[in-house]
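Just so you know, residue 1 is the first one in the sequence shown, and it goes up from there. In each ligand, atom 1 is the first atom listed, and ligand 1 is the first ligand listed. Computed from a predicted structure; not experimentally measured.
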Amino acid sequence: MPAMNDQAPSRLLALLAASLWLADFTAGAALPKPNVLLIVSDDQGYADTGFNGGQDIPTPNLDRLAKSGVRCTSGYVTHAFCSPTRAALMTGRYQQRFGHENNPVYDPLDPKEGLPLTEKLLPEFLQEAGYVTGWIGKWHLGASPAHTPQRRGFKETFGFIGGGHQYLNWKPNPRQYTLPLERNGQPVEVTHHLTTAFGDEAAAFVKRHTQELWFLYLAFNAPHQPHQPTPERLAKFAHLNDPKRAQYAAQVSLMDDAIGVTLEAVKQTGQDTRTLVFFFSDNGGPEVNASDNTPLRGHKGQVYEGGVRVPFVVSWPGRLPAGKDYAHPVSSLDVFATALACAGQPVPTDRKYDGVNLVPCLAGETKVAPHERLCWRVGGNQLWAIRAGDWKLVRQKDKPDELYDLASDIGETQDLAGAKPDVARRLAAALEAWDKELIAAVFPGSSVKNEDWGPGGANQRERPNLKPKQGKATAPKESLNP
Ligand code: CA
């Protein structure tokens with residue numbers, strides 16, 4: 001496998017790639033299949049991109065991406081925290097349909113903690129359609145050998161298997177936030193900032209696959225804590241009054257650079273008009289990391305908008321309009337159906353799928369909203385929500401339902417459940433019908449509140465699994481590479 005920093009391909013190669021694609025386009029009746037580049041950030045606030053109005057953290061590369069495509073102003077993820085969102089993203093199904101409702105504990109010896117093996121993932125489908133598949137960054141979908149990305153459809157991999165990681169100068173040890181990085185399952189040394197490394201690795205992937213269709217899942221752990229920007233980047237935000245905000249801003253800024261490096265590789269190799277790009281955060285900004293969800297209410301862990309509505313862009317120059325806003329609700333669920341449609345693959349009929357091919361919607365070829373409704377459930381029996389049109393119903397265990405009109409009240413400040421009982425009943429009935437289609441969590445996982453990104457680098461439930469009596473768990477590298 002080539003080294004991380006590939007040399008730039010020649011201009012000739014780029015022109016050749018572009019001309020081959022053009023010949024394919026002009027000869028065929030249907031539009032050529034695009035590459036799919038799926039970029040996900042981690043714990044980024046709704047307002048923390050320039051394209052969503054952020055002022056204090058420059059994100060020129062993300063803003064350029066938004067200008068090249070469609071900004072989805074009601075872009076949602078399926079969960080209010082990390083792993084369940086990713087489970088739906090990879091399957092195109094609400095994650096509670098298969099019991100993935102918690103963050104899996106990092107434990108290479110536990111075959112239950114992870115995305116159930118009964119599910120077939122997007123990269124598996126795309127491999128069958130002839131795509132080269134790559135994953136770079138954060139996994140967080142199970143650490144047992146059978147759950148690793150190499151075993152779930154990704155041919156080329158680079159990243160860490162757990163739910164988070166330190167960024168700079170960590171001493172590798174068998175805790176998930178300090179594990180050695182792995183390329184194709186083998187430990188690899190990373191000497192510079194982890195976010196920068198992910199961008200370089202993504203650019204190298206793009207450059208070595210100019211002659212093939214590819215799918216790259218670039219899952220940054222930035223700007224998830226711990227905040228460990230480079231000192232140089234942190235210095236650029238010294239003017240911000242809040243030191244924590246400055247740290248967070250520097251992390252976002254480094255990620256924006258890495259995204260820029262990746263997108264520049266796409267452009268340099270002549271692939272920009274045949275690459276479909278998605279970008280969004282895996283959940284809303286948390287209460288604790290100095291992120292900003294303005295003007296939304298709430299934060300990560302909640303089903304108010306601040307927990308599940310995220311910065312969201314879809315770009316495909318030449319196929320989708322540039323610089324357009326799209327207001328109908330869209331979901332991370334839609335990546336699966338959109339990618340399969342672009343790859344010329346039917347969505348299977350053996351089970352219920354929940355996503356929609358967004359291309360006709362975003363291209364303006366249909367005015368019909370992609371989703372009649374979107375639903376959420378967090379904690380099994382703790383929090384629920386449903387959005388239908390502009391109405392949003394929020395249900396919290398043992399509390400009266402709340403109803404908001406997001407068209408006039410994006411901040412969910414005026415509870416209209418009493419004033420609009422018919423609407424509240426209608427949404428509640430739809431939510432309960434959806435909930436009946438779901439199953440209980442199939443693995444207990446760890447509470448999002450137990451995340452621990454400090455020097456110990458483990459969440460609390462990880463520790464029992466690393467006791468000496470369970471022996472091999474102290475050597476996760478071996479367990480991860482059967
Ligand atoms: Ca997250």
Partners meeting side chain to side chain donor-acceptor pair (under 3.5 Å) with Asn289 (sequence neighbours left out): Ser291
Whether Phe198 and Phe158 hold their rings parallel, tilted or perpendicular, with breakpoints at 30° and 60°: perpendicular
Six-ring centre of Phe125, Lys120 cation under 6.0 angstrom, axis tolerance 45°: yes
With Glu412 via side chain to side chain contact (heavy atoms under 4.5 Å, CB included) - residues at least two apart: Arg297, Tyr304, Glu305, Lys392, Val394, Tyr404, Leu406
Residues which pass side chain to side chain donor-acceptor pair (under 3.5 Å) with Glu124, listed by chain and number, not counting sequence neighbours: none
Aromatic plane relationship, Tyr217 with Phe215 - under 30° parallel, 30 to 60° tilted, over 60° perpendicular: parallel
Polar protein atoms near the Ca ion (ligand 1) [N, O or S; cut-off under 3.0 Å]: Asp42 OD1, Asp43 OD1, Cys82 SG, Asp282 OD1, Asp282 OD2, Asn283 OD1
